[in-house]
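First up is the structure itself, then whatever we jot down about it.
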Amino acid sequence: MPVAASPRLDSTRRKPVFALVDGNNFYVSCERVFNPALEARPVVVLSNNDGCAVARSAEAKALGIAMGQPWFQIQSMAQSHGLIALSSNYELYADMSNRMMRILADFSPRQEVYSIDECFLDLRGMDVDLTLLAHGMRQRVAQWIGIPVGIGIGESKTLAKLANHLAKKQPQWQGVCDLTTLEESAQDRLMACVDVGDVWGVGRRLKEQLNARGIVTALDLKRADPVIIQRQFSVVLARTVRELQGISCLPLESMVAPRQQIIVSRSFGKPVWYLPELRQAITAHMSRAAEKLRTQASVAQMVQVFIRTSPFSARPFYSQGITLPLAAASDDTRLLVKIAQQGLTRIYRAGYDYQKVGVLLMDIQPKGQGARTDLFHDAQHDRRTDQLMQTLDSINARMGKHTLKLAGEGFVQPWAMKRNRHTPAYTTNIRQLARAWAK
DNA sequence: TCTGGGGTCCTAGGACCC
DNA sequence: TCTGGGGTCCTAGGACCC
């Protein structure tokens with residue numbers, strides 16, 4: 001077998017190169033695709049319950065609206081500045097995300113979908129002009145689905161992130177910043193312009209502590225000694241320092257690992273004090289959680305329930321959670337709901353206005369693979385349960401979410417969240433699309 | 001009046017064992 | 001009655017991300 005002179009082998013030896021591609025103001029951009037009247041106007045997309053702004057158009061950012069700012073604080077700008085606010089439409093964003101990721105996957109054999117609006121691509125050993133390639137990505141995504149994206153390229157994920165940040169902040173890049181084309185001195189000059197708090201992995205707290213030690217810019221952090229950083233902070237931050245130095249420590253993870261915990265929680269549209277309504281919400285949340293669990297072919301052996309009142313209210317605060325084990329790991333909605341309801345009974349206190357409840361599934365294992373079972377385990381019963389859950393999931397997949405559900409979720413849900421500014425599910429629900437056209 | 005939801009990883013500290 | 005240290009496992013809480 002000839003091993004020398006293999007170009008493939010040579011290329012894998014080259015330094016790692018990563019691209020980070022993300023959608024600009026992704027949720028707002030999705031809305032604009034289907035409603036061009038939103039172009040060139042200040043637009044925000046609100047979080048669940050129409051609580052705060054989670055996506056802002058460039059025009060909204062220019063008005064000084066911060067990420068996560070509560071809607072009631074900026075509501076007056078609707079009148080004064082023509083600000084448009086929309087409830088979030090996750091069905092639409094998830095579908096647009098899938099389309100965007102499929103387009104980008106054609107540009108590299110290895111892709112890591114990192115969040116709903118961004119992915120890493122492995123560009124190592126590609127024998128092409130990467131800057132040109134990136135402009136090609138931008139063009140194709142814009143042409144095929146109408147979403148503007150920004151692209152950063154670097155020798156580590158952290159550098160690709162930083163390049164992406166520069167591509168957005170500095171117009172001269174025209175949406176593509178490729179650090180691998182620059183001399184180190186030129187890279188350093190750019191990093192001197194980036195606040196250390198804008199480095200991936202440095203949050204509010206770390207920024208404060210780093211500033212106190214005189215580390216203010218990304219370049220300062222790059223020049224820090226990772227050994228000292230590890231001693232004074234953590235292994236995580238030391239890794240960030242090395243990544244800034246061009247030493248790739250975080251590999252591309254193209255396999256989607258199954259979730260280790262699954263959370264479903266929602267704030268109520270109004271305060272809830274009545275136990276039966278809390279029970280409905282717990283049943284509804286656990287039904288969603290169990291669906292997610294079955295989607296990834298797992299079972300859970302631990303259930304947590306929590307309830308709390310609003311931390312912003314002047315009324316007395318109460319927050320309590322409880323964790324309950326199952327005798328054997330399960331994905332049966334009915335059993336998980338039953339355990340969660342037992343938990344709720346134990347933590348519920350009368351006399352409070354509750355603002356939020358949630359459930360967690362933990363101790364998650366692959367289904368049917370060395371799962372622990374209890375002493376009185378009944379295989380016949382397991383088979384019937386599996387069939388029932390499969391039927392439930394397939395009917396809901398075919399006929400639409402919530403077609404078939406436990407009666408305990410309630411048919412009238414007085415506690416349901418507010419979504420007063422919701423747009424239609426243009427791409428996934430033909431009935432809603434027809435309604436949108438008829439307007 | 002009105003302030004999101006869903007994840008991961010690391011660390012410190014306690015319980016327990018040898 | 002006095003005396004030690006190391007390892008493991010678990011949990012809670014903190015910090016970060018989008």
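Note that these values count all heavy atoms, side chains included, but never hydrogens, waters or copies made by symmetry. A note on names: the letters A, B, ... follow the listed sequences, proteins ahead of strands, and every chain is numbered from 1.
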*Between Ser265(A) and dG6(B), does any side-chain N or O lie under 4.0 Å from OP1 or OP2?*
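Result: yes.
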
*N or O in side chain of Arg266(A) less than 4.0 angstrom from dG6(B) OP1/OP2*: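 Checking Arg266(A) against dG6(B): at least one side-chain N or O falls below 4.0 Å of OP1 or OP2.
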
*Identify the two heavy atoms, one from Phe268(A) and one from Asn49(A), that lie closest to each other, and give their separation to 0.1 Å.*
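Phe268(A) and Asn49(A) have their closest heavy atoms at O-ND2, 3.2 Å.
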
Checking all strands, does [X] fall into the base, sugar-phosphate, or nothing category for heavy-atom contacts under 4.0 angstrom?
{"X": "Glu118(A)", "answer": "sugar-phosphate"}
{"X": "Lys270(A)", "answer": "nothing"}
{"X": "Ile262(A)", "answer": "sugar-phosphate"}
{"X": "Asp117(A)", "answer": "sugar-phosphate"}
{"X": "Gln260(A)", "answer": "sugar-phosphate"}
{"X": "Asn49(A)", "answer": "nothing"}
{"X": "Val199(A)", "answer": "sugar-phosphate"}
{"X": "Leu206(A)", "answer": "sugar-phosphate"}

*Base partner of dT11(C), which must satisfy Watson-Crick or wobble distances under 3.5 Å*: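 Pair assignment: dT11(C) / dA12(B).
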
*Tyr274(A), OH: over 12 other non-hydrogen atoms inside 6.0 angstrom*: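 Result for OH/Tyr274(A): open.
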
*Of the nucleotides dC10(B), dG4(B), dG5(B), which one has an atom closest to the side chain of Lys356(A)?*
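When the side chain of Lys356(A) is considered, dG5(B) is the closest of dC10(B), dG4(B), dG5(B).
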
*If we take the P atom in both dT3(B) and dC18(C), what is their distance in whole Å?*
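Each nucleotide's P atom is 25 Å from the other's.
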
*In whole angstrom, give the distance that lies between atom CZ of Phe306(A) and atom P of dG4(B).*
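Going from Phe306(A) (CZ) to dG4(B) (P), I get 12 Å.
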
*Could you go step by step and tell me if Arg110(A) and Glu253(A) meet the salt bridge (Lys or Arg N to Asp or Glu O under 4.0 Å) rule?*
CA-CA 9 Å; Arg110(A) 285 170 302 277; Glu253(A) 312 207 9; over 6 Å; no

*Given Asp198(A) and Lys169(A), is the salt bridge (Lys or Arg N to Asp or Glu O under 4.0 Å) satisfied, shown in steps?*
CA-CA 11 Å; Asp198(A) 290 329; Lys169(A) 295 281 164 173; 5.9 Å; no

